[in-house]
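Below is one structure; the comments refer to it alone.
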Amino acid sequence: MVRDDLIKLALHVREKSYSPYSGFKVGAALLADDGRIFTGCNVENAAFSPTNCAERTAFFKAVSEGARKFTAIAVCGGHDEEPEECFPCGVCRQVMVEFCDPEAFEVIVVTSSGSSETYLLKELMPKAFSPLFR
Ligand code: THU
């Protein structure tokens, strides 16, 4: 099942998280409509603001590899080895709106190891500022 694969990959890439400042490790796995899966982790910085979230790492990797349409993303994060509920930040939601259909794109939030909740993008980002080109 693709959902389980995405969760597994998100948990796996979370181990690559570079988060010495927050200690909050996040992993994401993004499914493109051509079947490819792109993973990403959060990458922090001593100057703080250059920090990139796991979701955006996955999106930017994907777009730079030619993917433009996406079906779902799994996200897992937390301070400890065991993930806790971690919802995408507002900036990442705006990036999702740029490349995904809010009526169809699924955001799978891992709430603990073994459980998850799925939301449509439109639920997480109502009344979004829409892409200028679609
Ligand atoms: N972070 C993510 O990577 N994704 C989210 O959905 C929420 C926050 C990261 C940014 C920062 O490195 C750390 O988590 C703490 O905010």
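Since we're looking at a predicted model, the values are computed, not measured.
- Each of Ile108, Ile73, Val110 was evaluated against Leu6; a single residue qualifies, Ile108, per the side chain to side chain contact (heavy atoms under 4.5 Å, CB included) test.
- Residue Tyr119 is grouped with residue Val75 when hydrophobic side chains (ILVMFWY) are merged at heavy-atom distances under 4.5 angstrom, including chains of intermediate members.
- Of the possible donor and acceptor atoms, one in the side chain of Ser64 sits under 3.5 Å from a partner among the backbone N and O of Phe60.
- Lys25 places no side-chain N or O within donor-acceptor distance of the main-chain N or O of Ser19, the cut-off being under 3.5 Å.
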Exercise. Step by step, would you call Phe70 with Phe38 a ring pair (Phe, Tyr, Trp, His ring centres under 6.0 Å)?
Worked result: CA-CA 10 Å; Phe70 304 96; Phe38 298 88; 7.0 Å; no
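- Taking both residues in full, the closest heavy atoms of Arg36 and Gly66 are given as NH2-C, 4.0 Å, listed atom of the first, atom of the second, then distance.
- Counting heavy atoms from C-beta on, the side chains of Thr39 and Lys61 come closer than 4.5 Å.
- In this structure, CZ on Phe105 lies 10.5 Å from CG on Leu120, to the nearest 0.5 angstrom.
- Heavy-atom minimum distance, Ala74 versus Ile7: CB-N, 3.9 Å.
- Cys76 places none of its side-chain heavy atoms less than 4.5 Å from the side chain of Cys86.
- Between Arg3 and Glu106, at least one side-chain N (NZ, or NE/NH1/NH2) sits under 4.0 Å from a carboxylate O, which counts as a salt bridge.
- Of the possible donor and acceptor atoms, one in the side chain of Gln94 sits under 3.5 Å from a partner among the backbone N and O of Phe129.
- Between Phe87 atom CZ and Arg93 atom CZ the span is 7.0 Å, to the nearest 0.5 Å.
- To the nearest 0.5 angstrom, Cys100 atom SG is 11.5 Å from Lys69 atom NZ.
- With Asp80 contributing its side chain and Glu82 its backbone, the two residues share no donor-acceptor pair below 3.5 Å.
- The CD atom of Glu85 lies 6.5 Å from the OG1 atom of Thr111; values are rounded to the nearest 0.5 Å.
- The closest donor-acceptor contact from the side chain of Arg14 to the backbone of Glu81 lies under 3.5 Å.
- Thr71 approaches Asp33 most closely through the heavy-atom pair OG1-CA, 3.8 Å.
- Surrounding NE2 of His12 are at most 12 heavy atoms belonging to other residues, nucleotides or ligands under 6.0 Å away.
- Taking 4.5 Å as the limit, some side-chain heavy atom of Val63 sits within range of a side-chain heavy atom of Arg68.
- Using modelled atom types, no side-chain atom of Glu55 and backbone atom of Cys92 make a donor-acceptor pair closer than 3.5 Å.
- Ser113 approaches Pro83 most closely through the heavy-atom pair N-CG, 3.8 Å.
- With values rounded to the nearest 0.5 angstrom, Met96 atom CE is found 8.0 Å from Leu30 atom CG.
- A heavy-atom distance below 4.5 Å is found between the side chains of Pro131 and Val97.
- Listed here is the closest heavy atom pair of Gly40 and Val13: O-CG1, 3.4 Å.
- At a threshold of 4.5 Å between side-chain heavy atoms, the hydrophobic network of Ile, Leu, Val, Met, Phe, Trp and Tyr places Val95 and Val107 in one connected group.
- Contact of the Cys53 side chain with the Val91 side chain is not registered, since no non-hydrogen atoms from C-beta on lie closer than 4.5 Å.
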